[in-house]
Every structure is written in structure tokens, then in C-alpha cells.
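Here, residue 1 is the first one in the sequence, and each next residue gets the next number. All values derive from a computational prediction rather than experimental measurement.
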Amino acid sequence: KGAPADLLAPYDGQPVAVLGLSCYSWNTSTNMALAAEVKRRNPDCIVVAGGPDLDIRSQDFFARFPMVDIVVLRDGELAFQRILEQATGMRDWNAIPGLVLRPSAEERANGRVAHETASPELPQTFGPSPWLANAAYLEALMARLRAENPQRAIGIPWEIDRGCPYACSFCDWGSNTRSKVRAIGLDRIREEADWIARNRIQVTFLTAANFGILPRDEAILDAIVAAKEAHGFPRVFIWNNAKNHVDRVARMNAKAFRAGLVDFHILSVQSLDDEVLAAMNRKQIDKKHLIAVAARAREERIPCVAQLIFGGPADTLDKFLGSLTALMELGVHDEYVAYPFDVLPNAPASDPDYVARWGIRTIVRRGSVNKRSTREDSADVSRIIVATHSHDEDEFVEMYVRGRLLIALHNSGLTQHLARYWRHRHDVPYADFYRLLIDAVFLNDASEWHAVYRHCRDHIARFVGPDGVDMVETITVPELPDLDYQLSVEEYVLYRTMAEIDRFYAAVRAALDHGHGPDPHLDSLIAFQRGVMIDPGYDPAEGRVVSIAHDWPAWFRQLERSDVQSVPAQLIAGDFTLAIDRTHSGSHFQYPLNWHGAGRPPDEAMALWIRQVVGKHYQRVERAYFKNVEAMPRRVAETQDSRPMEAARGT
């Protein structure tokens, strides 16, 4: 990201003969601005672009992007090599398969807007490793980057195969969807795994569409596990699971979690509504397999992150909220990451027949994937669906805001223990519990928390509306004008409720009393629920001691081990102490709780708390509340030590 002059500063004075650009929705506008500046400085430069975000179907592509000379279709390396070979020779681009070229004058006169060469030639076998063949250069580059910033985490994409047998309407996996998987040799992959670990590469993003689809994928995971055991890296290993291979995927996730390669398991559900899945062309992926993987992950105590897409064809407010609460019914409580339906220009969802069939209306906006920092002046955009035959723009706004409200309340832990108690003690479905709670606390205009809902709804309504072209999806926090970070709706809700957490729980208690009637255990449960939240007031130097009238940790542990529909054993009453003395949170205790400091101004501490606890999605798992805490009878704590906190340290 950045202005062209800044991005080109390291190369000032160097002529550019060929510029290659790989384009996706988060960088296309940046790339095109860069290309225009390179072309201005180097008029004879050949600008070559590829990637799934180039709308080559449009009638005016080359008119809109006059700086682009050549577009490469599908896999790029064979075509790009031949372009480089031709660049100093005849420049006979027509001799190279898989290109889209600017039309000739004669073609334009005949109404042609582009000229395609022969069908792309795709590599079926893969030669030397691009990482190992360029190791000296790359290792020097990483050394320079670390010298500039010792805290910088180095990350790379790692390719083990290409292709995907599925054809989901939202997807354009490198333009290789609905195609045979082409595998890279295992010997090369094992060497690369060792190189990644030896060079302390922190984050490795696997580019495979379905890791675990082939039996050999277990051997690949074994290679990266062995490399990590030998060298301690990578710290983060990101992959997309195969959809229909339950046992293999479950084994692989458990192995990676135990090795510290992953902090969670990604569950690509997209929706749990059959009509919505059919509209996405996901019906060929058996939903039962995803459910089985989630159950296995729960047995292994691996947090699950469920990915969902909302607002697409056949979707409605009730269906989207129903997918979220259906995940709860399946025992998936850790994190839900919900995206609007982003229409990639060459994915099936952009086909004119598909658009007409479903009555799709879209907007072009800077979504949260395009802009997070207040200092970032990004022009990159996404095209998202805001209306179909099944919902209009107003319902989309409600879908967006209420869905993220529910995510904020449940995944952060704010009301998760309350919801699970009502589900298993009183047989109240999660959908009914959250409908009552959101209606009473946020949608009721007499509630003090209605202003939070209203602020979020007004922002998204403006973002979706005709005057929202220059807006971004994320929210600048008005209460913290110096915060150089924008929050999503669920993050903003979490910030506001946690900043005034006692007042929030008072409103929740009143709503539950009114909606469900008095419960004799509610005060004790709210004390526990409040106690495990990592709100801004938690200071690890002091810890936290909470008195509770029931052994809630034991009750919820039984719930975790039981079938999701069964009722746990009787709740144990008594005089218990909850003593928390943690300095980190997260599934591997990877997030420091370090916003308190001598002389640190309150706004600065709050900003640091937001970054450490609220954070970005795919990082919230077990970050906002303490899991696996223990309750001890007060007399035991006093016997062990007169100070419960010291007793906690001792255990």
C-alpha cells in the first residue's frame, strides 16, 4: 500500500523495461496507479498484469486502464517467461498463448475491444523451487527487513499444488476453480519446508485451495512439523481445509495444533442454510462433513473459526442469523468471521446470467480488507452484493449490523456463558436467547445501549447508500480521536461494552429477568461471566479475585465434554473463589496483556487494549476472555495461602 512515488523510491533512477502486476481486490487500484507512474517515467515499459481482479469481460477494460499493455490469463509463469524473452526481440505477442492484448486499429474499427491469443498453456509439472533458486537474494532481503525493524514478522505464500475441483460462485482461486489438482513434487516441498524454518519465516500462507484433499498432504504437514521442531518456525501456518475429507482433515488439524503451527481450525461453512448453499453452488460439499470436523475439533479442544458469507443470493436476515446460531447449536462458539459477498470479476457470480437470475445489485466500496489504518489513503475497492431477489438494501444493513452484534456478544465471551446456560439449563435455543437480548438491549430505543446500535447502523447505511462512495466499511472511533486504527462493527461494539462493562451487565440482567423471569443462579453466573472478561481494567500485575456462589468452571467443563444437546450434571453450590493471575491470553497464550504501564495516559492504554484484546479477526480466539480457569472453595484458598492470588500462582 502507498502512493506510487513512495513505492518507487527504492528504484529511483533505475529504468523499468517490464512491470509485472498481480491483481486482487485489495491491491488493483494501487497497482494501476503504480503502473501509470512507471509508464510516465518509462514510456517504453511493457506493463503486464494478471490475477483474478482484472475484469477482462468488460467492454472498456483497455480504455479504463490505458497503462496496461498485456493481460495474462490463468497461470502466469510460462507466458511471462515468453514475454520477457520477446521483450528484447520481435515482440510478437500473438505467438504467446494465454494473453489478452489491446486491439489493433482494424479490430477497433470492427468493434473489437480486446484481442485474445491462443488458449493458456498450463504447466502440468513444476521445476525448481522459486524460493530455493533465489535463496541468496531472498535471505539478504529478509536480513535487511529485520534490520530495519527487528519486530517485523516475515511472511510468504507457499505453493504445494494448483487447482480446485469445486466451482463455488464466489470463488476465483487463481482462475483455477473447477479444475484438476496439479501437484508439486514432494522432494521440492520438503526442501522448502526446511528452508522456511531455517530462515525464521514467521507466517506461511499455504496457497492450496483444499489442504487435505490428497493423501500426500499429511506427509507435507509432517515435513513442516518436523522443520518447526528443529528450528522453531513458522509460528503461524495458514491453510484452507479440504471440504469432504473429515478424518484426514481432523488428524491434520490436531497434529498442527499440538505442534503450535495453528492457533485454531478454520471451518469454511459460508452458510448453514441449504438454499443459500445451493445458490453459492456449495451443495456439492457435504455439510455433514463440516459438522463432523467441528465435532472432532471440539473433542481435541481446538478452537474453531467459522467463515461465513452473507448477503448473497437467497440470503435473508433470518437465514444469516440462523447460520450463526446454528453454529452455536453445533458446539462451535469460538469465532465467526462473516464477509459480505465480494463479487470477483471472473468468478461465476459475475456472469451476467447469474446476476440476472438472482436479481443482484452491487456497490463498489473500500471494504475492511482494503483499509484499516486512518493514515492509509487506499483507493482499492471491492464489489459487494447489497441486494438480490431475496433481500433489499435495508435488509442487508440489518443483516450486517445485527449479525455483527451477535458475533460481538458471543465470540468475545461477553454473553456466551449466559447463552450456553440458558440453552442447556432452560432449553432456550440460541436463536431465541439472542433475539430477546439484542431486541431488549440494543434495538429498544429506550435502552442506553441503543445509541451504540444506532451509530453502527447509521454508518453501514451510509456506507451502502448512494452517498457512501468515498466511505470505508470500518469505523473511526469518535471516543478515541488519536487512535490510528479503525474498527469493524463487532470490534466497536466490543470496545463500547467492555469499556463500561458493569453498566452493560446491568442492562443484560434486566433484559433476562424481564424476558425469561427470575433465575436463582443469575447473580452468580453474571459474577463469573464478568470475572473472566479481559476488560481494560484487568491488570496482570494485580490479577483478579472473584467470589462466586457456584463452581461454574466445573459446570462448563462438563458441558464441553458432553454432547451439545445433553444437560450437564447438577450445578455445585458453595463459597468459591475465582483467582486469575494471567499475563497472556489466547489458545497458546500468545497475546500479552500489557496495556497498563507507569504513567501511561488512559487513552493510550485504551488504544493498546483495543489492539491486544479486540484486535482483528482470525486473531480473536480466546483473546477477549479467560478460558480454562479454576474455582476453588474459599477455605481451600485460605488454607493454601491467606491471599487467593498467591494460591492461584501456586496451582
Side chains of [X] and [Y]: is there a donor and an acceptor less than 3.5 Å apart?
X: Asn594; Y: Gln612; answer: yes
X: Ser169; Y: Tyr354; answer: yes
X: Gln590; Y: Asp263; answer: yes
X: Asp334; Y: His265; answer: no
X: Gln307; Y: Ser268; answer: yes
X: Tyr421; Y: His521; answer: yes

Just do the ring pair (Phe, Tyr, Trp, His ring centres under 6.0 Å) check on His426 and His516 with the steps written out, would you?
CA-CA 9 Å; His426 296 299; His516 294 296; 7.7 Å; no
Side-chain ion pair, [X] and [Y], N-O less than 4.0 Å:
X: Lys255; Y: Asp222; value: yes
X: Arg435; Y: Asp439; value: no
X: Arg509; Y: Asp513; value: yes
X: Arg530; Y: Asp502; value: yes
X: Glu218; Y: Arg251; value: yes
X: Arg544; Y: Asp581; value: no

Only one of Tyr400, Tyr339, Phe341 passes ring-ring contact (aromatic ring centres under 6.0 Å, His included) with Phe310; say which it is.
Tyr400
Of all heavy-atom pairs between Cys304 and Ala294, which one has the smallest distance, and what is that distance?
SG-CA, 4.3 Å
Considering all heavy atoms, the nearest Asp217-Asn210 contact
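Answer, listing the atom of Asp217 first, then Asn210: OD2-O, 3.9 Å.
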Please confirm whether [X] and [Y] have ring centers closer than 6.0 angstrom.
X: Tyr492; Y: His455; result: yes
X: Phe442; Y: His450; result: no
X: His410; Y: Phe433; result: no
X: His417; Y: Phe528; result: yes
X: Phe205; Y: Trp158; result: no
X: Tyr538; Y: Phe626; result: yes
X: His550; Y: Trp555; result: no

Side chain to side chain donor-acceptor pair (under 3.5 Å) for Ser585 and Arg623? Distances and angles first, verdict last.
CA-CA 5 Å; Ser585 67; Arg623 188 152 100 171; over 6 Å; no
Check Arg402, Arg404, Arg496 against Glu490 for a salt bridge (charged side-chain N to carboxylate O under 4.0 Å, His left out) and give me the one that passes.
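Only one option passes, and that is Arg404.
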